[in-house]
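Every number for a ligand or one of its atoms is a count from 1 in the order of the listing. Just so you know, these numbers come straight off a predicted model, no measurement behind them. As a basis for the values below, the full set of heavy atoms in this structure was taken, side chains included, without hydrogen atoms, waters or symmetry mates.
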Amino acid sequence: MEHDHVRDVDPAVADALESEVDRQRSTLQMIASENHASRAVLDAQGSALTNKYAEGYPGERYYGGCTYADEVEQLAIDRATELFGAEHVNVQPHSGTQANQAVYFAMLEAGDKILSLDLTHGGHLSHGHPANFVGQLYEVEQYEVDAETGYVDYEGLAEQAAEFEPDIIVSGYSAYPREIEWGRIQDAADDVGALHLADIAHITGLVAAGVHSSPVGIADFVTGSTHKTIRSGRGGIVMTGEGYADDIDAAVFPGGQGGPLMHNIAGKAVGFEEALQPEFEEYAEQTVANAKALGEALSEHGFSLVSEGTDNHLVLVDLRESHPDTTGGDAEDALEDAGIVLNGNTVPGETRSAFDPSGIRAGTPALTTRGFDESDMQTVADCIARVIDAPEDDDVKSEVRAEVDALCDANPLYE
Ligand SMILES: *Cc1c(COP(=O)(O)O)cnc(C)c1O
C-alpha cells in the first residue's frame with residue numbers, strides 16, 4: 001500500500017504506516033476484536049468527508065453543504081436497517097463504547113443501577129468497570145458465567161436481578177465463546193421491569209450474516225462496533241425501536257458527541273454494502289467454522305478451552321491446567337515473537353490478575369478475511385502449541401515463524 005501523499009510531507013509517519021501494513025501482512029492477526037477492512041472501506045475512511053462538519057442528522061443539520069454527507073449517512077442507515085432489521089439505527093457513535101454511553105445517558109440518571117457481566121468473565125469496561133466513568137456514575141453489580149461450564153449463568157442472573165432490581169441489564173461480551181440466549185436475559189429484565197441493552201460489539205458481523213441469533217426485536221437497545229466481525233471501519237452503532245429513537249439520537253448528539261466522523265460513516269456505509277452481499281454470509285460461516293477447527297485442534301494438543309469449545313469467532317484458552325507455569329502474558333509475548341498476534345486474557349475464576357491473566361483469547365475474523373480455512377487453522381493450532389510448550393525456545397520460534405511466513409504468502413492481504 002502506498003502512502004505517497006503522506007511521504008511527501010512526513011516520511012516518519014509514512015514509514016510507520018507502511019511498516020504497519022507489512023506487520024499485518026506478515027503476521028497472523030488473531031486478536032478476536034480485530035479484522036482487515038477492505039480497500040474500499042479504507043478508501044472511504046480516508047476521504048475528504050473528514051473535512052465536513054455535519055452536526056445533526058440527515059436533512060436536519062446545523063451546517064450548510066451537507067448534501068453529500070446526508071447521502072452517505074442515509075445510505076449507512078438504510079443498509080444497517082436492512083442488515084439488522086432494526087426500526088431505528090443511529091450510525092454516528094464514534095465507537096462501541098460511545099454507543100453504550102448513549103444508551104446509558106438516554107435512559108439512566110446518575111446513581112441508577114446497571115447489572116452487567118464481570119470483566120474477568122468476559123464483560124467490557126464500558127459495562128460499568130470502576131475505571132470507566134460508567135462504573136463511577138452508576139451503581140453497578142456484576143453477574144458471572146457458571147464456573148463449571150463457562151456458560152452464562154442465566155438462572156443466577158435472574159435471581160441476582162430480582163435481588164438487585166437493576167434499571168438496565170447489559171448482555172453481550174468481549175471474551176465469550178458461546179451463543180448468547182437473548183430471550184432468557186430479556187425475560188430476566190422483564191421480570192424486574194429493567195431495560196435490556198444487548199451489546200453485540202464482537203459479533204456484529206455474525207448477527208448481520210445470521211450465523212448468530214439476533215437480539216434485534218428482543219432487547220430494548222442493541223449496540224455494536226463496526227470494525228470487528230463486520231469489518232466496516234472503526235466506529236459504533238446503536239439500534240432501537242421507534243419508541244426510543246428520539247431519546248437515542250439526542251443522547252448521541254448533542255448529548256455525548258459533537259460533529260459526526262463523516263469519513264468513518266462513509267466507511268460504515270461501504271462496509272455494510274459489502275456485508276449485504278451473499279459472500280459475506282459465507283465469510284461469517286467460515287469465521288465460525290475456523291474458530292471451531294482451531295478450538296478442536298487446540299484441545300487435541302491438550303489445551304483446555306473455557307466452555308470446552310465455541311459457537312462463534314473466538315476461543316478462550318485456560319492455561320492453568322495444561323501450562324501452570326505459563327501466564328497468558330508469557331504466551332502472548334512468545335507467540336508475538338513467532339509472528340502470531342493475540343492477547344492474554346482473564347478466564348472465569350481468574351486466580352491471577354487482569355495485568356497477568358491465566359488465559360489467551362484467539363479469534364478468527366481477520367485470518368478468515370485473508371482466506372484461511374479449517375486446514376490452515378490446524379497448522380495455526382500446531383504453531384500455537386509448539387510455542388506455548390516451549391515459550392523460551394528461540395529455535396522453535398524461528399521454525400514457527402517460517403510456517404507463519406508460508407501461511408501469509410499463501411493468503412495475501414491488500415495486494
Ligand atoms: C469491543 C467492545 C466494545 C466497544 O469497544 P470500542 O473499542 O469502543 O469499539 C463494547 N462492548 C464490547 C462487549 C466489546 O467487546
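Close contacts between ligand 1 and Lys228 involve ligand atoms 1 (C), 2 (C), 3 (C), 4 (C), 5 (O), 14 (C), 15 (O) [criterion: under 4.0 Å to a heavy atom]. Interface atoms of ligand 1 facing His202, defined by a heavy-atom separation under 4.0 Å, are 15 (O). Listed by number with element, the atoms of ligand 1 under 4.0 angstrom from any heavy atom of Thr97 are 4 (C), 5 (O), 6 (P), 8 (O). Listed by atom number, the atoms of ligand 1 under 4.0 Å from Gly96 heavy atoms are 4 (C), 6 (P), 8 (O), 9 (O). Close approach of ligand 1 to Ser174 is summarised as follows: ligand atoms under 4.0 Å from at least one heavy atom of the residue are 12 (C), 13 (C), 14 (C), 15 (O). Counting the atoms of ligand 1 from 1 in the order shown, those under 4.0 Å from a heavy atom of Tyr173 are 13 (C).
For the side chain to side chain contact (heavy atoms under 4.5 Å, CB included) with Met1, the qualifying choice from Gln24, Arg39, Glu18 is Arg39, the only one to do so. Of the options Asn132, Asp118, Asp199, Thr97, a side chain to side chain donor-acceptor pair (under 3.5 Å) to His127 is made by Asp199 and by none of the others. Checked options Arg370, Arg23, His36; the residue passing with Gln29 is Arg23 (criterion: side chain to side chain donor-acceptor pair (under 3.5 Å)).
At a heavy-atom cutoff of 4.0 Å, ligand 1 is contacted by the side chain of Asp199 but not by its backbone. Only the side chain of His227 comes within 4.0 Å of ligand 1, judged by heavy-atom distances. Only the side chain of Ala201 comes within contact range of ligand 1, with a heavy atom under 4.0 Å; no backbone atom does. Contact annotation for Arg234 and ligand 1: no heavy atom of the residue comes within less than 4.0 Å of the ligand.
Ser225 OG, 3.3 Å is the protein heavy atom nearest to atom 4 (C) of ligand 1. In terms of protein heavy atoms, atom 9 (O) of ligand 1 is closest to Ser95 OG, 2.6 Å.
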For this session: Determine, step by step, whether Asp190 and Gln186 satisfy the side-chain hydrogen bond (donor to acceptor under 3.5 Å, both in side chains) criterion, reporting the C-alpha distance in whole Å, the side-chain angles of both residues, the deciding distance to 0.1 Å, and the verdict.
Result: CA-CA 6 Å; Asp190 289 342; Gln186 186 62 42; 3.0 Å; yes
For this session: Determine, step by step, whether Asn35 and Thr369 satisfy the side-chain hydrogen bond (donor to acceptor under 3.5 Å, both in side chains) criterion, reporting the C-alpha distance in whole Å, the side-chain angles of both residues, the deciding distance to 0.1 Å, and the verdict.
Result: CA-CA 7 Å; Asn35 211 329; Thr369 290; 2.7 Å; yes
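Using a cutoff of 4.0 Å between basic side-chain nitrogens and carboxylate oxygens, Glu403 and Arg386 are scored as salt-bridged.
Residue pairs meeting the salt bridge (charged side-chain N to carboxylate O under 4.0 Å, His left out) criterion with at least one partner in residues 179-189, sequence neighbours excluded, are Glu181-Arg184.
Residues His323 and Phe303 bring their aromatic ring centres within 6.0 Å.
Checked by distance only, ligand 1 and Gln98 stay at 3.5 Å or farther apart across all their nitrogen or oxygen atoms. Considering backbone and side-chain atoms alike, Ser126 places every N or O at 3.5 Å or more from each N or O of ligand 1.
Asn290 and Asp373 share no donor-acceptor pair across their side chains, judged by distance under 3.5 Å alone.
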